[in-house]
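The structure appears right after this line, and notes come after that.
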Amino acid sequence: MLAALRRVAGMALTLVVASFIIFSAMYAAPGDPVTFLIGNPENLTPERIAAVRAEYHLDQPLFVQYWLWLSGVFGGDLGTSFQYHQPVAAIMASRLPATLGLVAYAAVLFTVVGIGLGVWAAVRRGRAADSAIVGATTLAASFPSFVIGIVLVSVFSVQLGWFPVAGAGDGFVDGIRHLTLPAIALSIGSLAIVSRVTRQSMVEQFDSEHVEAARATGMAGGMVVVRHVLRNAWGPIVTMVALVIASMLAGTVVVESVFGISGIGSLLVDAINSHDFPVVQAVLLYMVVAYMVVTTIVDLLLPLLDPRIGTRVKTA
Amino acid sequence: MTTTATGAQLRRDGLARRRDPLYAGSLAFLGLVVLVAAFGPLVAPYPPDAIDFTAIWGSPSPAHLLGTDQLGRDLFSRLLLGTRESLIGPLALLAGATVIGVAIGLVAAWNGGWVDVLLARITDVMFAFPGLLFVVLVIAVFGKGPWTAVVALALAYAPVIAKFTRSIALSELARPYVDAYRVQGASAAHIAVRRVLPNMTPALLGYLVVLFGEGLMSLATLSYLGFGAQPPSSEWGLMVQEGQDGIVLGHFAPTLVPGLAIAAVVVAVNIVGVRLSERLGARA
């Protein structure tokens, strides 16, 4: 319990530091945001400048601005976009479904395929299938995701016409059709790490005594794998899958750009190109928070899934 | 005794090398890429920015070996000339990150104390920014451009290298020869830089080669997003992005050729890096 509290406190502290870095970095950026805000140079009168400064709290010291921003964030107010003159929270809410749908789809793909390949490699360890799986997934992980995406579009969208070239689609069936190639591009790089952890974790179990005992009772090979090997190997696999999902929540920027999906990632790219600092701050904060919260939850839940971890800590 | 041992070692190494065509092939390919980076401008048949509106989206022909892009520029020449920029970026970022990272890592291992605590806290905060997020933050603040991307990536990689250096330095500093130098009255800086660092180089080198592949991939990704190299550069990531519009029209070469070039170099670097760290690590 104490360890859990310490973990949560550590996460909170890191988040405060990270959020301060995100906020103060924008504050330190060269160029005066007032010029972006007013836009038309003819309107740059001293009164207008003063009014805009007051409206966006640009006349306050850094720490006051940070405090105003942070207390706004906790109230669901992420500021106002310089570019669209709309609440940032509303813009992000309209972009989130596409990104979350993409991450969910990719998560299903890499979990099923990655664990499947890992199990296959572990069962056939030391044989041709094993080295083929390890080699192929490692090779795939060396390809940048935008190259994979472009190859997929060239072959399956343009040449074969199976999938649409761009967009996120409307509704569930159309969404699946639109997001299939992006989800593949997003998940291919993670297959290597997930299948390797699965394989490693299972191979360790294969050599243990309880598996030998199960085999000695005459249990069929498949049953041994499912009941005795895989069940004891879950811990590291679940951790790795959750870690990959956590970093995917912040890692859709490139794939969204390749496939023209208007999610959170492409919003970040647009906001950087148009110097829309409130949007950049909000998206970066969302990504860091999502990543940290998911990884912390996994850390806290793992002892509940696998009681051996808790006891090991206690005896250590 | 020692001579026969090293002889056996050499023979075993030679045997391993002969049986490892993947490593040899990757090394040869990387050698070729370095040659292209050095002499590409002499070989390229056209200047990289020679626009020819009469030859837009050209197919491969004797005049244009790989065809032309959306502005009628020769793809083969742009690929050759982009090699240098695509390789120098990752090299520069790695050099910067290594100098900062190794210095911090060595000091943290040697002194412990507040430097060590500070390093741990910095890496904690860095790990809160997954993937390229820290680099994107720096680019959002200081504007895009190849050098902003390189500096930002160097800053992002420095804590990782520092952590790695610290871990191998700690085990190296525990060895008796370090105490022997101390007893002789050698200064801390002398022991750390002249005696300990050379012994850590093999382990560091393998790690840095793998990081080079990662850095090349990250820089190309940033250029693809429009945050790194800017037109009219023929950096490979930027070429992929500029050629992407041709895909819908059925012109795949302008975007696939530089894309596959990036992938091929990263794959070769990773193979070499993994084999190097296996070999150098085994010998250390």
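- Taking A:Ser247, A:Ser154, A:Ala250 one by one and counting their heavy-atom pairs under 4.5 Å with chain B, the maximum is reached by A:Ser154.
- Taking CG of A:Leu268 as the start and CG of B:Leu133 as the end, the distance is 7.0 Å to the nearest 0.5 Å.
- Looking at A:Val280, the atoms closer than 4.5 Å to chain B (heavy atoms on both sides) all sit in the side chain, from C-beta outward.
- With a 4.5 Å cut-off on non-hydrogen atoms, A:Met292 touches chain B through its side chain but not through its backbone.
- Contact of A:Phe143 with chain B is made through backbone and side chain together, with heavy-atom distances under 4.5 Å.
- When the candidates A:Thr138, A:Val254, A:Thr295 are compared by the number of heavy-atom contacts under 4.5 Å with chain B, A:Val254 comes out ahead.
- Only the side chain of B:Phe227 comes within less than 4.5 Å of a heavy atom of chain A; its backbone N, CA, C and O stay farther away.
- In this structure, chain B has heavy atoms under 4.5 Å from both the backbone and the side chain of A:Ser257.
- Nearest heavy atom pair, residue B:Val125 against residue A:Thr14, reads CA-CG2, 4.1 Å.
- Ranked by heavy-atom pairs under 4.5 Å with chain A, the list B:Gly259, B:Ala263, B:Ala128 is led by B:Ala128.
- The shortest distance between side-chain heavy atoms of A:Phe146 and B:Ile262 falls below 4.5 Å.
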The test is side chain to side chain contact (heavy atoms under 4.5 Å, CB included); show your working for A:Val147 and B:Tyr224 and say whether it passes. CA-CA 10 Å; A:Val147 176; B:Tyr224 171 78; over 6 Å; no
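- When heavy atoms are compared at a cutoff of 4.5 Å, A:Ala141 approaches chain B solely by way of its backbone atoms N, CA, C and O.
- The shortest side-chain heavy-atom distance between A:Ile22 and B:Phe129 falls under the 4.5 Å cut-off.
- Using a 4.5 Å cut-off between heavy atoms, B:Val136 touches chain A through backbone and side chain atoms alike.
- The choice from A:Val269, A:Val17, A:Val151, A:Leu249 that makes the most heavy-atom pairs within less than 4.5 Å of chain B is A:Val269.
- A:Ser142 and B:Val266 make their closest contact through O-CG1, 3.3 Å (heavy atoms, listed as atom of the first residue, atom of the second, distance).
- Proximity to chain A is limited to the side chain of B:Asn270, based on heavy atoms less than 4.5 angstrom apart.
- With chain A as partner, the option from B:Gly250, B:Ala220, B:Gly213, B:Pro258 having the largest number of non-hydrogen pairs under 4.5 angstrom is B:Ala220.
- Of the listed residues (B:Ile139, B:Val240, B:Asp124, B:Thr221), the greatest number of heavy-atom pairs within a distance under 4.5 Å of chain A belongs to B:Thr221.
- Of the listed residues B:Lys144, B:Arg121, B:Glu214, the one with more heavy-atom pairs under 4.5 angstrom with chain A than any other is B:Lys144.
- Nearest heavy atom pair, residue B:Leu137 against residue A:Ala25, reads CD1-CB, 4.0 Å.
- For the residue pair B:Val267 and A:Leu139, the shortest heavy atom distance occurs at CG1-CD1, 3.6 Å.
- Using modelled atom types, one side-chain atom of B:Gln244 and one backbone atom of A:Val258 make a donor-acceptor pair closer than 3.5 Å.
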